[in-house]
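Comments concern the structure below.
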Amino acid sequence: MTDTTPSADLGASPQQPAKAWSGRFSEPVSDLVKRYTASVFFDNRMAEQDIRGSLAHAKMLAKQGIIGAQDLADIERGMAQIKGEIERGEFAWNLDDEDVHLNIEKRLTALVGDAGKRLHTGRSRNDQVATDIRLWLRDAIDRIIALIGDFQKNLLDVAEANAATPMPGFTHLQVAQPVTFGHHLMAYFEMSRRDAERFADCRKRVNRLPLGSAALAGTSYPIDREFVAAELGFDEVCYNSLDAVSDRDFAIEFCAASSLLMTHLSRLSEELILWMSPRFGFIDLADRFCTGSSIMPQKKNPDVPELVRGKTGRVNGSLIALLTLMKGQPLAYNKDNQEDKEPLFDTADTVIDTLRIYADMITGIRVKADNMRGALTQGYATATDLADYLVKKGLPFRDAHEAVALAVRAAEGRGCDLPQFSLDELRAAMAHVPGAADKLADDIFGVLTVEGSLGSRNHVGGTAPAQVQAAIVRARARLG
Ligand code: ARG
């Protein structure tokens with residue numbers, strides 16, 4: 001680990017190595033300024049991408065006759081060694097060399113001499129860093145999309161096992177109508193599906209090549225940008241050099257997609273937390289996602305979902321950081337953009353870890369089906385079914401609504417649920433609404449059951465168990 005704390009000894013040596021841009025300066029920067037302006041200790045995460053980008057650039061320079069074949073061979077040999085040094089943790093990252101780009105270039109020159117010095121021909125760190133970030137982010141997006149798939153697969157398994165498990169559906173956190181637990185979980189499948197789409201869409205705009213834009217205006221060398229794009233797997237080149245080196249909208253989009261994904265998971269987390277509370281008692285979470293209390297021996301706390309909820313704030317913060325970073329920046333590159341990396345890396349790390357944990361946590365949900373069903377007898381969950389029954393027998397909906405409201409009031413007075421009334425009691429309860437009571441017949445009791453209510457919502461997107469099953473089949477087919 002490299003010490004990046006403010007108190008770290010920054011080692012001002014009397015003979016400072018020459019900066020890559022030092023020729024026109026008459027005094028060195030202070031240690032504080034050096035530390036303030038350097039990014040090497042966080043942007044060295046892009047070392048692999050930096051090397052990949054440099055190799056493609058060098059190959060293009062050689063193909064175009066801008067550097068010699070021997071130069072290319074030297075660069076390739078040097079980079080192979082540097083890559084090994086980094087992987088083995090042997091590479092000496094140096095604050096004096098500011099960032100990942102200058103550190104690697106300097107080491108390359110130390111290893112292979114003049115060929116190393118030729119690598120930067122027709123290139124600037126401005127188009128280099130923009131390329132590195134895009135390569136890095138593309139890898140991160142691919143990982144995230146795959147992890148969303150893992151999460152979805154496990155979610156579908158739990159939904160399938162509970163396609164017909166009744167629970168109360170809520171609005172305003174009040175019991176509203178019966179749904180199945182599988183249907184409820186499938187709501188999160190739909191959210192995660194849109195999340196995956198958003199990342200895939202964002203990837204299209206990430207996957208364009210800035211290299212060749214040089215510092216801001218392009219370069220006078222006869223470069224071949226399409227060749228570099230193909231080498232690096234980019235779909236196309238960025239078509240304006242000023243824009244290519246300066247905009248980070250693709251990173252902002254990534255953070256926005258991440259914020260939405262975390263927002264969705266924070267909603268599920270909040271539900272897991274509520275459901276696990278003894279007041280609900282709908283589920284239990286596997287012990288490996290919970291912790292105890294140091295003072296209250298009975299406690300089993302849902303720490304992981306709570307942290308997902310909390311980390312959503314952190315991811316939202318990164319989105320705001322990047323938006324604010326970009327706002328009002330004049331063209332073209334400004335050093336402000338160096339600040340894009342930490343929020344971006346942190347966002348990707350947080351999303352990746354959250355998805356990995358969530359995929360496992362979903363499988364650790366133990367459903368307490370009896371409690372879910374029990375909760376359905378407490379909130380008049382089939383009241384809408386009673387109203388719909390009256391409407392189907394010819395009563396206008398507003399009258400049916402009023403008749404059922406009276407029945408609910410009577411049930412509340414009696415401390416019972418609607419299905420517990422006899423036919424006569426139900427008729428008496430709605431006697432004040434003309435035309436209501438005589439619509440009631442014995443078949444109402446089938447309608448008022450949980451299964452009757454669930455089964456009647458039998459259309460695409462509805463909660464009937466058959467529809468939930470169909471939704472799961474559809475979802476599995478989409479996942480492939
Ligand atoms: N470390 C810099 C960054 O992350 C690289 C680009 C620096 N360019 C410059 N002209 N100083 O943005």
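One-based numbering, in listed order, for ligands and for the atoms of each.
- Counting only distance, with no hydrogens or angles, the side chain of Asp139 and the backbone of Trp136 share no donor-acceptor pair below 3.5 Å.
- When atom types are taken as modelled, the side chain of Gln338 and the backbone of Thr37 share a donor-acceptor pair closer than 3.5 angstrom.
- Of all protein heavy atoms, the one closest to atom 7 (C) of ligand 1 is Tyr333 OH, 3.6 Å.
- Atoms of ligand 1 found under 4.0 Å from any heavy atom of Lys341 (numbered from 1 in listed order, with element): 3 (C), 4 (O), 12 (O).
- Close contacts of ligand 1 with Gln338, meaning ligand atoms under 4.0 Å from a residue heavy atom, involve 1 (N), 2 (C), 3 (C), 4 (O), 12 (O).
- Residue nearest to atom 10 (N) of ligand 1, selected from Asn126, Asp336, Asp99: Asn126 (by heavy-atom distance).
- With hydrogens and angles left out, the side-chain atoms of His57 and Gln128 include no donor and acceptor closer than 3.5 Å.
- With sequence neighbours excluded, the residues that form a ring-ring contact (aromatic ring centres under 6.0 Å, His included) with Phe91 are Trp93.
- Each of the atoms 1 (N) of ligand 1 lies under 4.0 Å from some heavy atom of Ser39.
- For Gln128, no heavy-atom contact with ligand 1 is shorter than 4.0 Å.
- A donor-acceptor contact shorter than 3.5 Å is absent between the side chain of Ser213 and the backbone of Ala244.
- The protein atom (non-hydrogen) at minimum distance from atom 11 (N) of ligand 1 is Arg125 NH2, 3.6 Å.
- A donor and an acceptor atom, one from each side chain of Arg123 and His120, are located under 3.5 Å apart.
- Distances from ligand 1 to the non-hydrogen atoms of Glu98 include no value under 4.0 Å.
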